Every structure is written in C-alpha cells, then in structure tokens.
Student: 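Here it is, the structure, as structure tokens.
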Amino acid sequence: MKFTDGFWQARPGVEALYAQEAYAIDALPNRLVVEAPTRVITRRGDTLNRPLLTVTLSSPLEGVIGVRIDHHVDPGHEGFDLVGADSPLVEIETDDAGASLTSGSLTARVSRGAPWSLDFTSGGRTLTRSGPKSLAHLRLAPDANVAVEPAGTTGVSEDGRPPASIYTHARLGLGVGEQVFGLGERFGPLAKNGQTVDVWNADGGTSSEQSYKNVPFYLTDRGYGVLVNHRGHVSFEVGSEAVEQVQFAVPGETLEFFVIDGPTPADVLERYTRLTGRPPIVPAWSYGLWLSTSFTTDYDEATVTSFIEGMAERDLPLSVFHFDCFWMREFHWTDFEWDPRVFPDPEGMLARLHERGLRVSAWINPYIAGRSKLFDEGAEYFVRRADGSIWQWDMWQSGMALVDFTNPAAVSWFQEKIRTLLRQGVDAIKTDFGERIPTDVVWHDGSRGPDMHNWYTQLYNQAVFDVLVEERGEREAVLFARSATAGGQQMPVHWGGDNSSSFESMAETLRGGLSLALSGFGYWSHDIGGFEGLPDPAVFKRWVAFGMLSSHSRLHGSTSYRVPWAFDEGGEAPGQSAVEVTRFFTKLKLGLMPYLFNAGLEANRVGLPVMRAMQLAFPGDPAVTHLERQYMLGGDLLVAPVFSADGDVQYYLPAGEWTNYLTGERATGGSWRRETHGFDSVPLWVREGAVLVTGSRDDRPDYDYRDDALVTVYPGGADERRVTVVDPVDPETGAVEFTVRRTDAGLEVTSSDGRPFRARVAGGATHAASGSVTLPLA
C-alpha cells in the first residue's frame with residue numbers, strides 16, 4: 001500500500017505523521033522505551049495536540065530484537081504464536097548520545113534527539129536502519145488515494161476502499177545491491193525487490209500476484225531477516241515506494257516487528273523457525289509417489305483399483321493413493337461420508353488398499369454445505385454474521401457455512417469427524433482451502449474479522465494435524481495443505497496450489513516453492529504435470545523429473561487423470577515414454593531416501609528446508625542472486641529442471657568440484673553450462689566433499705536405510721567426514737554413523753556398529769565391507 005506521492009508529499013487524503021526524534025529514552029528491565037513525537041520538540045508548547053509514538057525495544061530470543069510502535073492502546077492487536085520465545089537477558093547501555101539494546105550478536109541503537117535514527121548492527125556491521133520518515137502513524141480520509149484492500153477479501157465497503165482509516169507503518173533501509181526474499185509462497189520473481197506484496201491469503205492460482213501461503217517474514221542477502229508480528233493484512237513495498245527501503249504497513253494503532261540476525265541465511269532461518277516453530281519429522285512413506293483420482297474425473301473403486309494395478313504392472317512404485325473431493329457426494333461437502341453410490345464399502349476398500357502396501361489420503365475442506373447432514377448438527381459451531389445469523393455463501397458449495405475454529409467446542413466437534421475417518425483407515429488428510437475467509441463476521445473468541453482472514457488457516461490445519469498426531473503418532477502425522485501463514489511450517493506438508501499444464505507454470509511453481517522454503521517451510525510439493533488443463537507429453541515428462549526431485553511428489557489434475565500411460569506409452573525411443581520416465585525418476589528418488597530423510601531431519605533440527613534456493617545454499621556467491629530455475633535438494637545435490645520440450649537447459653554450477661550423479665562426469669564450478677537432455681535425464685550434480693548414503697531398495701520409501709547401505713565418497717572435503725543413517729520405520733533401533741577418514745593408504749570408511757555395507761569412491765568400483773573398508777584414492 002502506497003501512501004506517498006513521490007519523495008516529498010503524501011497522497012491526497014493521507015495524513016502521514018512521522019516519528020521525528022527520540023525525545024526521551026527509558027531503560028527498563030530487559031527493554032528500552034522511547035518517546036518519539038511526530039514533531040521536533042523545541043518548547044513545551046510543542047508537546048500539545050500532537051500524536052506521540054511509543055517505541056519499545058525488547059528481545060524474544062537471543063539474536064532477535066523486537067520493535068513495537070504504539071500510538072493509542074490497541075487491545076485487539078494479535079501477533080503470531082512465538083513458541084520459541086524465551087525472553088533472554090539483554091544488555092542495555094545508555095549515554096548522552098542515545099541508548100542500545102543488545103541480544104546475543106545483534107544490537108539496536110537509538111540516537112537521542114532529531115532526526116529519528118534506529119540502527120541494527122551485528123559483528124561491527126550495520127545490517128539495516130530506521131531513519132527519518134521511517135515510522136509513521138497514518139490517517140486516511142474516506143476518499144484517500146491509496147490502494148484498495150487486497151483482492152480475495154469480503155467485507156470491504158461498497159466503493160472498495162479499505163475499511164481501516166488508521167495505519168501504522170515502518171521502513172527499514174536497503175543497502176546497495178541488497179536483495180529481499182521470502183514473504184511466503186509467491187509465484188513472481190524470487191527476489192522481491194520492486195514488488196508490492198500484500199500478505200493476504202487468496203485462492204488465486206499460481207499465475208497471479210496472489211498467494212495461498214502468505215508469511216510476513218523476509219530475509220535479505222545482507223545477513224538478517226524481518227518478521228512483522230501481525231496476523232492480518234500486512235502490505236509490503238519492497239523498494240517499490242521508497243526505493244531505498246522496505247516498507248510494511250498494518251491497519252490500526254500498533255505495529256510490531258522483529259529483526260533477526262544471521263549472519264547467513266541459514267542462521268536467519270534457524271532463529272526464525274526456533275521462534276515460530278520447526279517443521280516436524282514426517283513419515284518416510286510420505287516421500288514416495290502419491291497418485292490422485294484427480295478432481296472432477298469419474299471414479300469408483302474399480303477405477304481406483306485399475307490405476308493401482310496399472311502402476312504395479314508397469315513397475316511404477318506407488319506409496320500413497322489420494323481420494324479427491326468426490327469421495328463425498330456432490331453438494332454435501334463436507335459431511336465426511338463416502339458416497340455410497342460409488343464407494344458402498346469404504347472400510348473394506350481401505351483395507352484392500354492397505355493390503356497392497358499403500359497409504360491413503362482423503363480430501364477435506366473447512367466448509368459445511370447447506371445440503372450436508374452436518375449443517376444442522378454443527379450449526380452452533382459456525383461463524384456468524386453481526387445479526388446472529390449463520391454466515392453462508394455459494395462460492396464452492398451451495399449454502400456453505402464456515403467452521404469457527406476459535407471455538408474449542410467446534411474444534412472438538414470437527415476433530416471427531418476427522419478421527420472417524422482415520423479409524424476407517426485413512427492415513428493422511430488433504431486440508432484444502434482455508435483462504436476465502438470473510439472479514440465482516442463475528443468470531444466466537446471475539447477476534448477481529450480482518451485479523452482472522454490469514455490466521456484461520458493456522459487454526460484449521462492445527463485442528464486436523466493434532467488429531468493425526470493423536471491417532472497416528474508424532475512421526476506418522478502428515479497433511480497435504482494448501483493455505484498457511486507464519487508458523488504453518490509446524491503442520492506439513494504443503495503443496496503449491498492450482499497451477500497450469502505448461503512449462504511457464506512449471507517454472508512459476510518452482511519459484512513459489514523456493515519462496516516458501518525461504519519463509520521457513522521445510523517440505524513442499526506440487527501437482528506434477530499441472531492441475532488445470534491436460535499437459536502434453538513433453539510437459540508431463542519434464543515435470544515428472546522435477547516432481548520426483550522435490551521433497552514430496554504427487555500426480556494430480558483437475559479434469560483429467562494423471563496416470564503416466566495416459567500420455568505417450570509405447571512408440572517412443574527407449575527410456576523416453578512417460579511410463580519409463582516416471583519409473584526411472586521414482587526409483588531414483590526411492591534410492592536416495594536415506595539422504596532425503598536426513599534432509600528432513602535437518603529441517604526438524606535447524607529449520608533448513610529440504611529444497612533450498614541457491615541464495616540459501618551459496619550466500620557468498622553473487623552469481624546466485626537471481627537464480628530461480630535451479631535449487632539444492634538437501635545440502636549436496638544440485639537440481640536444474642528442464643523447462644523445454646527439446647531438452648535445452650542452462651544453469652549455473654557454483655565454485656568447487658562437482659560430479660554428475662547420473663553420468664559420473666566431473667566439472668569445475670564457477671561457470672554456466674548449457675546442455676540438451678533427454679526425457680530420462682536432468683542436470684543432477686553432487687557437491688564437492690559429499691558423502692552420499694543411498695539405499696538398497698527402489699520399490700518403496702520406508703525401509704531400513706541401514707541395511708546394505710551404499711556409501712559414496714565424492715572428491716574434496718575435509719579429511720574426516722561423518723554421516724548418520726537411521727531406520728525411519730523404527731527409530732528406536734538406533735542409528736549407524738559412517739565415518740570417512742583420509743589416510744596414507746586411502747579413504748577409510750567405517751560403520752559405528754560394525755554392520756555390513758558397501759562403499760565406493762565416486763566413479764570407482766564398489767567394495768563390500770563388514771564394519772570397515774579402505775578405498776583407493778581416485
């Protein structure tokens with residue numbers, strides 16, 4: 001939201017009252033409180049009839065400093081659940097020039113007097129600063145010439161103007177060349193500089209500026225991050241209004257934000273996810289291939305069985321089968337009852353699917369249709385209008401109401417429906433929707449409507465995830481969720497929403513996933529081949545390679561099935577059919593499961609995502625600043641998806657020695673490469689110094705990774721390297737640690753428990769080992 005008309009003036013109808021100076025600074029226990037009047041005080045009369053901003057500095061976590069700006073009391077202000085906040089001891093210093101608050105490595109210093117100046121430093125280096133015209137109380141006239149409330153809302157006034165007339169904003173400086181990343185799952189350019197970003201959940205598809213997963217958190221390549229602690233609408237201007245600064249504005253009298261120290265992007269994410277919650281460990285079976293009924297296709301148990309048998313006949317390993325919306329009867333969503341016309345024996349069917357070694361996922365949403373048998377039963381649990389009537393509309397399902405998850409009784413009621421579904425035999429829940437949340441309604445707990453618009457998804461997903469944990473256990477719980485906000489990473493997995501069946505949409509999908517990963521989310525998936533439309537064989541096959549080299553992998557569409565043989569089975573060159581391509585990349589992923597599962601453990605331990613933007617993995621390399629068509633899968637594998645039918649791909653290898661995982665080719669990085677790949681190939685490179693442990697099976701993702709493991713040692717790296725491998729099915733059995741030591745005789749590889757394994761130097765022969773083996777240097 002833009003408030004200014006160029007550098008000098010406010011827009012018509014906007015009164016901008018800026019903090020002009022630090023008039024008084026009070027050092028209190030663990031915080032600094034600053035009086036910041038909106039004019040410079042030169043005499044006593046200047047203190048009359050003018051707004052005063054109160055700026056409070058504190059720290060919720062070591063290396064994190066919070067800034068709260070208050071005008072009048074705003075009792076309705078709600079921030080995020082800061083699950084890791086521990087109120088560390090801070091160091092406060094005052095002198096004639098100002099005062100500082102230090103938390104760990106991060107210091108905030110405010111200067112006395114005018115002009116307003118608040119600097120954030122770490123390691124003797126200035127990270128960012130709030131200078132003149134940076135903190136403001138803004139008053140908007142009814143005809144103010146500012147942007148309207150973001151699309152996707154309800155409850156705005158008839159002329160489309162925002163209902164709020166008071167805003168608070170802050171600006172933080174951008175250094176020369178500094179780039180901004182994050183702000184949730186966004187499908188435009190990965191670097192957000194020059195963009196206006198509205199943090200406002202919307203069902204806008206992947207080809208628009210809207211987003212299903214909005215997170216008011218960004219990080220920059222200067223070594224810090226910023227979280228705006230506001231559950232509702234946050235409008236960001238990222239060098240797009242004041243081009244030297246990031247501006248963020250919220251409606252109301254209060255704005256709070258946290259500056260999070262690095263120095264690396266990985267360090268920022270570690271602190272951010274410690275504060276807002278870490279991704280949990282997800283079950284190993286969830287990493288395998290998911291196959292869906294698709295959305296509006298016709299299906300029954302016979303159709304489902306034909307798909308599953310078709311996959312088995314073609315040696316296509318399948319882990320999860322997903323039932324989309326029409327497992328329930330049309331006009332009755334959500335009633336949690338299998339449509340008896342097509343699924344007369346749901347318990348028997350689910351048991352038969354389990355006998356085939358499959359897990360089962362089922363679709364739900366948080367809406368109760370007017371024809372649902374649950375409408376009358378749950379009426380007391382629905383969101384209400386101001387006049388006390390149930391809020392209903394016809395978008396999606398006719399007459400649908402919205403479950404009020406701020407009501408504990410409503411949560412328990414909804415959870416019992418989920419519990420029944422799980423006890424029938426469903427293993428995972430796809431929590432669809434949660435974005436189109438009205439603002440002109442009354443919530444059970446008194447929450448303000450605009451603040452609940454984004455926050456609703458957190459309560460919705462949490463209600464379902466908690467039941468999964470109770471019924472299945474902590475390491476077995478997994479969602480397939482579309483909407484999210486800050487903290488949503490605690491309820492994985494999330495998928496990228498409604499994309500289209502084109503290379504362009506494949507590329508925007510990847511941008512969205514990398515942006516989400518830079519916003520603290522550890523796992524991510526997408527609809528392979530695209531959701532809308534029918535992908536041509538080239539799009540489908542290139543997307544399969546990308547999809548199977550993602551943390552989670554699902555074949556799903558809208559009006560057409562996504563079984564591989566529906567595309568181009570037969571008649572192609574060897575290895576190039578959709579079936580063969582799907583088989584190759586599915587088995588490739590399953591063999592990589594020890595490595596991928598470890599990447600998931602790292603997400604849980606330190607907040608690093610499984611799929612990592614190049615800016616996260618190589619922060620010191622300026623060549624990666626704008627890369628958005630390649631990524632790191634875990635810490636050691638570089639993936640460059642092919643976005644063309646003819647196989648032409650251009651990508652960048654950072655400095656170091658790299659080994660092609662598929663061909664064994666060696667290359668020196670620090671340069672761009674241009675190649676042509678068949679459908680059964682993709683640029684997949686192993687980083688210098690990697691010790692890659694791969695599994696003994698390629699038919700399923702959930703097996704004991706310690707059994708007959710293959711340890712491959714790549715060139716470079718330290719003289720001693722260690723990799724830990726677990727049994728993901730039964731973690732209580734313990735882990736084995738493989739140690740690689742460089743000796744005069746070669747590379748000695750040992751297992752901590754003496755178990756047999758296999759080992760090799762990349763490109764060399766494989767050696768069987770019983771506890772230990774020495775490999776000849778290449």
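Values below: every heavy atom of this structure, side chains too, minus hydrogens, waters and symmetry copies. Keep in mind the model is a prediction, meaning the values are calculated, not measured.
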Student: With rounding to the nearest 0.5 Å, note down the distance linking OG in Ser519 to CZ in Phe217.
Tutor: 7.0 Å
Student: Are Trp285 and Glu476 linked by a side-chain donor-acceptor pair shorter than 3.5 Å?
Tutor: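 A donor-acceptor contact under 3.5 Å links the two side chains.
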Student: Roughly how far, to the nearest 0.5 Å, is the CZ atom of Phe480 from the CZ atom of Arg554?
Tutor: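 With rounding to 0.5 Å, CZ (Arg554) is 4.5 Å from CZ (Phe480).
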Student: Over all heavy atoms of both residues, which pair between Pro594 and Val725 is shortest? Give the atoms and the distance, please.
Tutor: CB-CG1, 4.5 Å
Student: Is Glu474 atom CD crowded by more than 12 heavy atoms from other residues, nucleotides or ligands, each under 6.0 Å away?
Tutor: no
Student: Distance from Leu227 atom CG to Phe258 atom CZ, nearest 0.5 Å?
Tutor: 6.5 Å
Student: Hey, is CZ on Arg629 packed in by over 12 heavy atoms from elsewhere, all under 6.0 Å?
Tutor: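 It does not: Arg629 CZ has 12 such atoms or fewer within range.
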Student: Under the 3.5 angstrom rule, does the side chain of Asp568 hit a backbone N or O of Ala578 as a donor-acceptor pair?
Tutor: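 Yes; judged by distance alone, with no hydrogens or angles, the pair exists.
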Student: Dump the intermediate steps for ring-ring contact (aromatic ring centres under 6.0 Å, His included) on Tyr703 and Tyr705, then the final yes or no.
Tutor: CA-CA 6 Å; Tyr703 57 93; Tyr705 304 147; 4.9 Å; yes
Student: Pair Leu588, Tyr661 - check side-chain contact (heavy atoms from CB on, under 4.5 Å), show working.
Tutor: CA-CA 10 Å; Leu588 173 67; Tyr661 184 80; 3.4 Å; yes
Student: Any idea how His552 and Tyr523 line up, ring-wise: parallel (<30°), tilted (30 to 60°), or perpendicular (>60°)?
Tutor: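 The rings of His552 and Tyr523 stand perpendicular, inter-plane angle above 60°.
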Student: If you take all heavy atoms of Pro683 and Val649, which pair is closest and at what distance?
Tutor: CG-CG1, 3.8 Å
Student: Just to verify, what does Glu657 make a side-chain hydrogen bond (donor to acceptor under 3.5 Å, both in side chains) with, not counting sequence neighbours?
Tutor: Thr668
Student: Of all heavy-atom pairs between Gln615 and Leu627, which one has the smallest distance, and what is that distance?
Tutor: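 In this case the closest contact between Gln615 and Leu627 is NE2-O, 2.9 Å.
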Student: Does the pair Arg562/Asp527 count as a salt bridge with the N-to-O cut at 4.0 Å?
Tutor: no
Student: Which residues pass the salt bridge (charged side-chain N to carboxylate O under 4.0 Å, His left out) test with Arg271, sequence neighbours left out?
Tutor: Glu62
Student: Any heavy-atom pair between the side chains of Arg721 and Val723 that's under 4.5 Å?
Tutor: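 The answer is no, as the side chains (C-beta and beyond) never meet within the 4.5 Å cut-off.
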Student: Trp685 and Leu653: side-chain contact (heavy atoms from CB on, under 4.5 Å), yes or no, with the steps?
Tutor: CA-CA 9 Å; Trp685 293 84; Leu653 281 183; 3.9 Å; yes
Student: Once rounded to the nearest 0.5 Å, what's the spacing between atom OG1 of Thr107 and atom CG of Asp261?
Tutor: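 Answer rounded to 0.5 Å: 9.0 Å.
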Student: Can you tell me if His556 and Ser292 form a side-chain donor-acceptor pair at under 3.5 Å?
Tutor: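 Yes, side-chain donor-acceptor contact under 3.5 Å.
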Student: Minimum heavy-atom separation for Ala477 to Pro283, with atom names?
Tutor: O-CD, 3.8 Å
Student: To the nearest 0.5 Å, tell me how far Thr739 OG1 sits from Arg722 CZ.
Tutor: 4.0 Å
Student: When you measure from the side chain of Lys589 to the backbone of Tyr287, do you find a donor-acceptor pair of N or O atoms at a distance under 3.5 Å?
Tutor: yes
Student: Could you check Phe546 against His526 for ring-ring contact (aromatic ring centres under 6.0 Å, His included), going step by step and ending with a plain yes or no?
Tutor: CA-CA 10 Å; Phe546 164 41; His526 44 96; 4.2 Å; yes
Student: Check this for me, if you would: do Arg706 and Asp753 make a salt bridge, where the nitrogen-to-carboxylate-oxygen distance has to be below 4.0 angstrom?
Tutor: no
Student: Taking only Lys NZ, Arg NE, NH1 and NH2, and the carboxylate oxygens of Asp or Glu, determine whether Arg755 and Asp707 approach each other closer than 4.0 Å.
Tutor: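 Result for this pair is yes, salt bridge flagged.
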Student: Pro609 versus Trp524: any side-chain heavy-atom pair under 4.5 Å?
Tutor: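 No, too far: nothing below the 4.5 Å cut-off.
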Student: Taking atom CZ of Arg612 and atom CE of Met632, what is their separation to the nearest 0.5 Å?
Tutor: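 Here the rounded value is 8.0 Å.
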Student: Before you tell me yes or no, could you show the steps for Arg278 and Glu270 under side-chain contact (heavy atoms from CB on, under 4.5 Å), namely the whole-Å CA-CA distance, both residues' side-chain angles and the distance that decides it to 0.1 Å?
Tutor: CA-CA 9 Å; Arg278 290 272 161 76; Glu270 191 279 331; 2.9 Å; yes
Student: Leu190 and Ser515: which non-hydrogen atoms are nearest, and at how many Å?
Tutor: CD1-N, 3.6 Å
Student: Does the side chain of Tyr652 come under 3.5 Å of the side chain of Asp621 through a donor N or O and an acceptor N or O?
Tutor: yes
Student: Take Arg356 and Phe321 through the side-chain contact (heavy atoms from CB on, under 4.5 Å) test and state the conclusion after the steps.
Tutor: CA-CA 11 Å; Arg356 294 176 179 269; Phe321 193 86; over 6 Å; no
Student: Compare every heavy atom of Ile308 with every heavy atom of Leu318, then report the nearest pair and how far apart it is.
Tutor: CD2-CG1, 4.2 Å
